[in-house]
Student: 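Here's a structure for you.
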Amino acid sequence: MQHLLRVSLLLILLFCSFPGKGQINNAAVGSRAIGLGGAAVTLPDLWALSNNPAGMAALKEPALGAYAHNRFSLKELTTVGLLAVLPSSRWGTVGLDVQRFGGEYYNEQRLGIGLAHQLGVVRLGLKADLLQVRVKEWGSRKAVALSLGGQSELVPGLTFGAHIYNLNQAKLAEFQDERVPTVMKMGLSYQASTKVLLVAEAEKELEHPVAMKGGIEYQVLPALTLRTGFNSGTRAGTAGVEVSFKQFQVAYAVGAQHQLGLSNYLSVGYVLQKREQP
């Protein structure tokens, strides 16, 4: 009976837009994004490969990343993933990521490849995700979702970002015309000082109301950064901390939803090469 209750709760969380959104809607990736309430559409970092591929174009060195996200202490709501980004003068910046979400009865796999270019003051990115959704006893389905994103610094310190996920409205099944959710995001970030970054973002999934997200990032020390944020879509407050040493960035974030509890996120980034400082 306990097992049946856990499976029932999992299915409710996956197919309701209420706080426990499933991964197939392209949830934010990286502890930095989670700590800022999920507002990551303007951020130029390794995790941009999933959050807005245009952000990859700002990277100058190859980088690797790994992350794990557990929602509400349920192992069936655990996501793990790996990313790799390679800047190239000939092809632009290329990224590859793999992700797995779920447990024995319901799980999702994603294999994505992205490409980004810097064109003057504008960064543009494209990505294709091969998605596989598997439900035990019902089998699995595959679909390809295409994404397009852009970023631009409007004035010094103020950056605009926009991203649309699954612009081709990929179909998972003929039954009830089941499709991968299409999600549109746009936002602004403002570098208020050398230590303070403000971010704000609006997210719209076609069949659901607009969700507002925002956050503040404060660099306490060169190697220590604190973050906090909110997300009206998940009705959660978030907080996070990041420690940088040598070529590593280790970040942790937590989200608090008053009805379902805490979610924990851990990510590790690694820059393969460091340019010598002049």
Side-chain angles (χ1 to χ4, degrees), residues 23 26-53 55-56 58-75 77-87 93 95-101 110 112 114 189 191 193-199 201 213-231 234 236-257 261-277:
Q23 289 304 108
N26 195 39
V29 166
S31 296
R32 186 186 190 194
I34 300 299
L36 293 170
V41 74
T42 62
L43 302 181
D45 56 21
L46 165 67
W47 316 104
L49 172 57
S50 283
N51 299 326
N52 181 357
M56 292 192 303
L59 301 181
K60 304 301 181 187
E61 308 291 350
L64 302 173
Y67 59 91
H69 185 191
N70 176 259
R71 293 175 172 83
F72 318 123
S73 300
L74 291 171
K75 68 178 183 180
L77 298 182
T78 297
T79 305
V80 295
L82 298 170
L83 299 89
V85 172
L86 176 65
T93 303
L96 180 69
D97 73 341
V98 293
Q99 182 185 94
R100 187 183 192 279
F101 165 79
R110 182 175 76 182
S189 63
Q191 192 72 50
S193 72
T194 56
K195 293 187 175 183
V196 178
L197 176 70
L198 309 175
V199 296
E201 182 175 313
K213 301 178 281 186
I216 301 174
E217 182 177 87
Y218 179 63
Q219 188 175 29
V220 182
L221 300 168
L224 177 64
T225 303
L226 302 179
R227 305 180 178 105
T228 186
F230 71 94
N231 187 324
T234 58
T238 62
V241 59
E242 178 173 315
V243 176
S244 302
F245 56 97
K246 296 185 178 179
Q247 294 162 252
F248 288 93
Q249 299 87 42
V250 181
Y252 168 77
V254 61
Q257 209 284 336
L262 299 178
S263 297
N264 297 282
Y265 206 117
L266 178 67
S267 62
V268 179
Y270 178 74
V271 179
L272 294 181
Q273 298 176 358
K274 278 284 189 182
R275 285 184 172 176
E276 296 295 331
Q277 297 297 320

Student: What are the two closest heavy atoms between Q247 and V271, and how far apart are they?
Tutor: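 Looking at all heavy atoms of both residues, the shortest contact is NE2-O, 2.5 Å.
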
Student: To the nearest 0.5 Å, how far apart are CG in L49 and CG in L96?
Tutor: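 Interatomic distance, L49 CG to L96 CG, rounded to 0.5 Å: 7.5 Å.
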
Student: side-chain contact (heavy atoms from CB on, under 4.5 Å), that's the test. Do F101 and H69 meet it? Break it down for me.
Tutor: CA-CA 9 Å; F101 165 79; H69 185 191; over 6 Å; no

Student: Looking only at heavy atoms, which two atoms of V29 and R110 are closest? And how far apart?
Tutor: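 Of all heavy-atom pairs spanning V29 and R110, the closest is CG2-NH2, 4.3 Å.
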
Student: If I compare all heavy atoms of A251 with all of S31, which pair ends up nearest, and what's the gap?
Tutor: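 Taking every non-hydrogen atom into account, O-OG, 3.1 Å.
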
Student: Quick one: does any side-chain atom of S189 pair with a main-chain N or O of V199 as donor and acceptor, under 3.5 Å?
Tutor: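 No, S189 side chain to V199 backbone: no donor-acceptor pair under 3.5 Å.
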
Student: Kindly write out the residues that satisfy ring-ring contact (aromatic ring centres under 6.0 Å, His included) with Y218, not counting sequence neighbours, or none if the list is empty.
Tutor: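 Once residues adjacent in sequence are excluded, Y218 has no partner under the ring-ring contact (aromatic ring centres under 6.0 Å, His included) criterion.
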
Student: With rounding to the nearest 0.5 Å, note down the distance linking CE in M56 to CH2 in W47.
Tutor: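 Answer for the CE-CH2 pair, M56 versus W47, is 13.5 Å.
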
Student: Walk me through whether S50 and D97 qualify under side chain to side chain donor-acceptor pair (under 3.5 Å).
Tutor: CA-CA 8 Å; S50 283; D97 73 341; 3.0 Å; yes

Student: Say you draw a straight line from CG of L46 to CG of N51; how long is it, rounded to the nearest 0.5 Å?
Tutor: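 It is 10.0 Å, given to the nearest 0.5 Å.
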
Student: Could you check if a side-chain atom of Q249 sits within less than 4.5 angstrom of a side-chain atom of S244, using non-hydrogen atoms only?
Tutor: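 Q249 vs S244: side chains touch.
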
Student: Please tabulate, for side-chain N and O atoms in residues 32-41, each donor-acceptor pair with protein atoms closer than 3.5 Å (sequence neighbours left out).
Tutor:
{"unit_1": "R32", "atom_1": "NE", "unit_2": "E217", "atom_2": "OE2", "d": "2.9"}
{"unit_1": "R32", "atom_1": "NH1", "unit_2": "D45", "atom_2": "OD2", "d": "3.2"}
{"unit_1": "R32", "atom_1": "NH2", "unit_2": "E217", "atom_2": "OE1", "d": "3.1"}

Student: To the nearest 0.5 Å, what is the distance between CD on Q257 and OG1 on T234?
Tutor: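 That separation rounds to 7.5 Å.
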
Student: Looking only at atom types and distance, does a side-chain atom of T238 sit under 3.5 Å from a main-chain N or O of V254, one as donor and one as acceptor?
Tutor: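 No, T238 side chain to V254 backbone: no donor-acceptor pair under 3.5 Å.
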
Student: Distance from Q219 atom CD to K195 atom NZ, nearest 0.5 Å?
Tutor: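 With rounding to 0.5 Å, CD (Q219) is 7.5 Å from NZ (K195).
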
Student: Quick one: list whatever passes side-chain hydrogen bond (donor to acceptor under 3.5 Å, both in side chains) with N264, sequence neighbours left out.
Tutor: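 Partners of N264 under the side-chain hydrogen bond (donor to acceptor under 3.5 Å, both in side chains) test: Y252.
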
Student: Do the rings of F248 and Y270 sit parallel, tilted or perpendicular, given the 30° and 60° boundaries?
Tutor: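 F248 and Y270: tilted rings.
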
Student: One pair to check against side-chain contact (heavy atoms from CB on, under 4.5 Å): Y67 and L83. What are the steps and the verdict?
Tutor: CA-CA 9 Å; Y67 59 91; L83 299 89; 3.3 Å; yes

Student: Between V220, T225, L224, which is the residue that forms a side-chain contact (heavy atoms from CB on, under 4.5 Å) with V241?
Tutor: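 That would be L224.
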
Student: Establish, from distance only, whether the side-chain atoms of N70 and S263 form a donor-acceptor pair under 3.5 Å.
Tutor: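 Side chains of N70 and S263: no pair found under 3.5 Å.
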
Student: State, with a plain yes or no, whether a side-chain heavy atom of R227 is found less than 4.5 Å away from one of E242.
Tutor: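 With C-beta onward as the side chain, the pair touches.
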
Student: Mind checking the CG-CD1 spacing from L197 to I216? Nearest 0.5 Å is all I need.
Tutor: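 Taking CG in L197 and CD1 in I216, the distance rounds to 10.0 Å.
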
Student: Let's go through F72 and L77 carefully: what are the C-alpha distance in whole Å and the side-chain angles of both, what is the deciding distance for side-chain contact (heavy atoms from CB on, under 4.5 Å) to 0.1 Å, and is it a yes or a no?
Tutor: CA-CA 8 Å; F72 318 123; L77 298 182; 4.0 Å; yes

Student: Which heavy atom of L64 sits nearest a heavy atom of A84, and at what distance?
Tutor: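 Closest approach of L64 to A84, heavy atoms only: CD2-CB, 3.6 Å.
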
